[in-house]
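Written below as structure tokens is the structure these notes are about.
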Amino acid sequence: MMHSDHSTTVTAVDEQRPSMAVVSLVAAVTDTDPLELEPLYNAVDPEALDSLCAAGNSVSTLSFEYAGYTVVVEQSAAGVELSLEPITIDGETTRGVADSGRSA
């Protein structure tokens with residue numbers, strides 16, 4: 001099943017931490033209970049993500065992989081914008097990674 005790009009914007013009015021917004025967005029897109037997703041701290045330190053996105057910090061873009069998606073976090077005038085792009089790996093790439101340890 002092909003997914004298009006998914007995004008949401010978290011503003012100060014939402015009172016939702018960016019780390020929680022990432023989990024909520026991935027859960028909504030994958031139709032998965034947030035508690036069933038892998039812990040976010042396996043991909044990124046949630047406290048560091050929240051503090052980097054706090055008002056006044058100069059971080060403009062941050063990306064990381066989580067639950068099969070590349071998560072892009074961007075500062076915008078409206079707040080913090082989160083977007084998801086599915087990670088796709090074709091068969092050749094997967095085999096190339098699996099074969100990388102072969103001996104000569």
Side-chain angles (χ1 to χ4, degrees):
M1 178 165 75
M2 296 290 292
H3 289 284
S4 59
D5 185 41
H6 299 278
S7 66
T8 190
T9 300
V10 180
T11 64
V13 176
D14 294 332
E15 296 181 9
Q16 184 177 26
R17 297 189 318 262
S19 59
M20 294 304 298
V22 168
V23 173
S24 296
L25 181 59
V26 171
V29 168
T30 60
D31 194 28
T32 304
D33 185 310
L35 297 175
E36 293 179 11
L37 291 171
E38 68 178 288
L40 182 61
Y41 62 75
N42 286 349
V44 68
D45 182 337
E47 290 180 15
L49 174 61
D50 293 340
S51 63
L52 286 173
C53 295
N57 284 339
S58 61
V59 173
S60 58
T61 304
L62 171 70
S63 65
F64 56 92
E65 293 182 3
Y66 175 62
Y69 288 87
T70 298
V71 179
V72 180
V73 183
E74 294 181 274
Q75 295 280 19
S76 69
V80 177
E81 183 176 328
L82 308 173
S83 60
L84 301 179
E85 296 177 12
I87 298 171
T88 56
I89 300 174
D90 62 31
E92 285 185 33
T93 302
T94 302
R95 279 193 304 275
V97 170
D99 292 343
S100 64
R102 67 178 183 264
S103 59

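When reading the values below, keep in mind they use all heavy atoms of this one structure, side chains included, and skip hydrogens, waters and symmetry mates.
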Is it true that Leu52 and Val44 fall in one hydrophobic cluster, defined by side-chain heavy atoms closer than 4.5 Å?
yes

To the nearest 0.5 Å, what is the distance between CZ on Phe64 and CG on Asp45?
10.5 Å

Do Val71 and Leu37 belong together in a cluster built from hydrophobic side chains that touch within less than 4.5 Å?
yes

Looking at Glu38, I'd like to know if its CD atom is crowded, meaning that more than 12 non-hydrogen atoms belonging to other residues, nucleotides or ligands lie closer than 6.0 Å.
yes

For Tyr66 and Leu40, which heavy atoms make the closest approach, and how far apart are they?
CE1-CA, 3.7 Å

How long is the straight-line distance from CD of Gln75 back to CG of Leu62, given to the nearest 0.5 Å?
10.0 Å

Scanning both residues in full, the closest heavy-atom pair of Val26 with Ala67 reads CG1-CB, 3.8 Å

Min side-chain heavy-atom separation Tyr69-Val29 under 4.5 Å
yes

Indicate the atoms forming the closest heavy-atom contact of Ser19 with Leu49, along with that distance.
CA-CD2, 3.7 Å

Kindly give the heavy-atom pair with the smallest separation between Cys53 and Val73, and that separation in Å.
SG-CG1, 3.6 Å

Roughly how far, to the nearest 0.5 Å, is CG of Leu82 from OG of Ser24?
9.5 Å

